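This report concerns only the one structure given below.
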Protein chains: 2
Amino acid sequence: MADGIGLARAAIEPALPEERVAKFIRTLRQRFSFSDEEQQQLISRMGGEAFFHKGDTLVDEGEWIEYSSLLFSGYACREKIDREGNRQIVEIQIPGDFVDLHSYPMEQLDHAITALTDCRIVKLYHKEIDDLIDKHPRFARLLWFSTIVDTSIHREWILNLGSRAGSQRMGHFLCEMYCRMEVVGLVEDGRYDLPLTQKDLGEALGFTPIHVNRTLKKLRSLGLADFRNQKVTIDDFDALADHCGFDASYLYLTPRKK
Amino acid sequence: MADGIGLARAAIEPALPEERVAKFIRTLRQRFSFSDEEQQQLISRMGGEAFFHKGDTLVDEGEWIEYSSLLFSGYACREKIDREGNRQIVEIQIPGDFVDLHSYPMEQLDHAITALTDCRIVKLYHKEIDDLIDKHPRFARLLWFSTIVDTSIHREWILNLGSRAGSQRMGHFLCEMYCRMEVVGLVEDGRYDLPLTQKDLGEALGFTPIHVNRTLKKLRSLGLADFRNQKVTIDDFDALADHCGFDASYLYLTPRKK
DNA sequence: GGCTCTCAATAACATAAGATAGGCATCGTT
DNA sequence: AACGATGCCTATCTTATGTTATTGAGAGCC
C-alpha cells in the first residue's frame, strides 16, 4: 500500500533521497537521537537504487559484498537452508531496515536475503562508510548499534523457538511485526501486511504448515489475532501481548541517551 | 583445567596482559588478520581485571555498562528469562570471548550474562574504544566484526531450534562447542569441558531435562558423542558432524582477507 | 471453458517430546 | 554417620506437533 504509492511515484519522478531513506531515519531516531546535520551526512552518502522482483535473491550466501542495502519499499527475509534443504527464515525485513549493514564488517554473509515481494533498495557503499567513520567516528557506534538490534531480535527468536509453544510462539511473532511495522507507519487500524504463506510462517517458527494453520485458527477463535490473505489484524494488541508474554524492549525502540 | 592453571598462576603472580588476552587474540586472528602493532594497540588499552564466582551475574539485563568484558578464564552464558521464569540459554561464552562487546554500541543489554564456573575477566573501557576508533578507524570494523560473529551464531541457533530435532540438535551444539574450544586450545584428544548440567543443556536447546537425557543416551549408543561429568568426548568429529549436518562456516574461523 | 498451480482448511493417524514420579548415586554439612 | 540437596537415569502416561492425504477456492494460462 505505502509500497504501491512508493513504486508508482518512483516510476513517474524519482523520490528524493530524504524520502527514500525516511523510514530508516524514523526507525533510527526512535532508537538513537542524532542531529539534523548528522542525518544529512548520512543521507548524502547514500548511493544508487536497485529493484528486485518477488522471489529474487538480494544477497546470496557467501557472496562478496561492497555495499549495504537499505530497504526502501517491499519486504524481504533472511533465510538459511540446511543440508536436507529445509528452509529456516531467520528474520523478516521491512521498509526502513538495513538488510545487510553487517556485511560491512563481515564482507560475506552466512545466509541469503530473499525478496518476499517486489523490493526497492537504496545502496550505501562500504567505502562511503569507511570515509564516514573516518571523518565522523561517532557514526561507527551508531551504525554498529543498528546491526546489534538484529542480534537482539535473533536472541528473542531463540527464546521464542526454544521456550514458547503453539499460539504463544505465533502470537509473539505477530506482536514483533506489529511493533516494527508501527514505527514506520505501516499499521492502520490494527492491521498490517505480512506477505507470507502459511508455509513461510512455519519456516520462520519451526512449525509444519498444518500446525501453523491450527495455531492461527486458535488465535482467531480466541479473538487475539487474525491472519488471512497476507494481512494481520490485531484488534487488542495488549491482550495478544499478554497472552504470549511479549515485551518489546528487545526491539530497542526507545531512544538511547547518546 | 587450563582454567585451573590460569587461576593458580594469577594468584601467585599476575599474568602478563599479553597472556591474559592471548585466547582472544588467537580467536580474532583466526578470523581477521591484523598486524602485531595493531595487536599491541588493542592490548595496551585493556584495563583492570575482575573475578566472579560460579553463579554470579557478570552483567545484568538493563544495567548501564561502561566497559566490556573479555573472558580470560572460565565459562559463562548469555541467558534470557521469560515471564513464566523459564530460562533460555542463548549462547555459551568460553575463554577468549568478548562476552559483551556489543554493550559498547548498546550501552544496555537485553539479557544477562552469568558465570557457569569461576571466571576471570579483563576490562576494556568504552571510552578507550572511543579513543581507539578515533585514532585508528580500522578498529571500528574489526571490533564490530567480532560482535557480528555472535549474530551469526545466533542465526545458526535459530536454525538449530527451528529445524533440527533430537540427537541432531544436540549433536550440532556439541560440534559448535568443539570447534570453538579447539581454536583456543581447549580440546584434548577429542575431549573438552562443558560445565553444564542436563537441565542447563535443556535450557539451551529447548528440551526438558528428561529429553536431554534421552538424547544424550542416543548419541552415546550411536557412538557419536559422550557427555558425562561435565565433559564431552567426541571420538570421531566428522561422523558426528555428518550425523547432524554441521558446517562450521558460520563461526567465521577462516581468516578474512582484510 | 477447462486446464494446472498454489494455497488454505480439515481429518485421521503416528510419534517425538513434555509431565510426573521414583530410585539411586554423589557431595557437602553438621 | 546421618542428612538434605542436587544431578542423573528410567519408566509410564499424556499431549503437542509431525505426517499423509483429501478437498475446495482462487489465480493464471491456453
Side-chain angles (χ1 to χ4, degrees), chain A residues 53-55 82 84-89 114 116-118 159-174 193-222 225-233 243-244, chain B residues 53-55 82 84-89 116-118 160-174 193-222 225-233 243-244:
Chain A
H53 286 287
K54 175 176 176 175
D82 76 5
E84 278 86 33
N86 302 314
R87 174 181 182 232
Q88 175 71 45
I89 293 180
T114 304
L116 291 167
T117 63
D118 291 352
L159 172 63
N160 204 28
L161 294 176
S163 6
R164 280 189 274 259
S167 68
Q168 313 205 320
R169 192 187 297 182
M170 174 69 74
H172 191 280
F173 172 74
L174 297 179
D193 288 342
L194 190 62
L196 298 172
T197 64
Q198 294 190 353
K199 183 161 173 283
D200 293 329
L201 265 177
E203 288 168 342
L205 296 169
F207 290 146
T208 55
I210 290 83
H211 199 59
V212 167
N213 192 285
R214 284 196 272 248
T215 307
L216 289 172
K217 189 177 171 187
K218 184 172 178 189
L219 283 177
R220 212 178 292 132
S221 75
L222 289 171
D226 186 279
F227 172 85
R228 69 179 68 180
N229 300 323
Q230 325 249 70
K231 286 192 183 15
V232 179
T233 309
H243 171 72
C244 52
Chain B
H53 286 286
K54 174 175 174 175
D82 75 7
E84 277 86 34
N86 301 314
R87 174 181 181 231
Q88 175 72 44
I89 293 180
L116 292 167
T117 63
D118 291 352
N160 203 30
L161 293 175
S163 2
R164 279 188 276 258
S167 67
Q168 313 205 321
R169 193 187 296 182
M170 174 68 74
H172 192 280
F173 172 73
L174 298 179
D193 288 342
L194 190 64
L196 298 172
T197 63
Q198 293 190 355
K199 182 161 173 282
D200 293 330
L201 265 178
E203 288 167 343
L205 295 168
F207 290 145
T208 54
I210 291 85
H211 198 60
V212 167
N213 192 285
R214 284 195 272 248
T215 308
L216 288 173
K217 188 177 169 187
K218 184 170 178 191
L219 283 177
R220 213 177 292 132
S221 75
L222 289 170
D226 186 277
F227 172 85
R228 71 179 67 182
N229 299 322
Q230 326 249 72
K231 285 191 183 15
V232 179
T233 309
H243 172 72
C244 52

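The sequence lines fix the lettering, A, B, ..., with proteins before strands; numbering per chain opens at 1. All figures in this text were calculated on a predicted structure; none of them were measured in a lab.
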- Message: Expressed as a whole number of angstroms, how long is the span from B:L161:CG to C:dA17:C1'?
- Response: 14 Å
- Query: What's the spacing between B:D200 CG and B:R87 CZ if we round to 0.5 Å?
  - Reply: 5.0 Å
- Task: Note the angle between the end axes of the helix from C:dG1-D:dC30 to C:dT30-D:dA1, five pairs defining each, rounded to 10 degrees.
- Result: 30°
- Query: Which heavy-atom pair separates A:S163 from B:D82 by the least distance, and what is that distance?
  - Reply: CB-OD2, 4.5 Å
- Query: Nearest of D:dT10, C:dG18, D:dT19 to any side-chain atom of B:R214?
  - Reply: C:dG18
- Query: Any salt bridge between A:K54 and A:D118, counting N to O under 4.0 Å?
  - Reply: no
- Side chain of B:Q230, backbone of B:L196: donor and acceptor closer than 3.5 Å? yes
- Item | Contacting residues from residues 198-210 of chain A, given that a heavy atom lies under 4.0 angstrom of DNA chain D | A:G206, A:F207, A:T208, A:I210
- In chain order, what residues pass the side-chain hydrogen bond (donor to acceptor under 3.5 Å, both in side chains) check against B:Q198, with sequence neighbours excluded? B:N213
- Message: For the CG atom of A:L219 and the CD atom of A:Q168, what is their distance to the nearest 0.5 Å?
- Response: 9.5 Å
- Atom-to-atom span, NE2 of A:H211 to C1' of C:dT10 - whole angstrom: 15 Å
- Item | B:N160 side chain to B:R169 backbone, donor-acceptor under 3.5 Å | yes
- From D:dT17, C:dG18, D:dC8, nucleotide with atom closest to B:N213 side chain: D:dC8
- Approximate separation, where rounding is to 0.5 Å, of B:F173 CZ and B:L194 CG: 5.0 Å
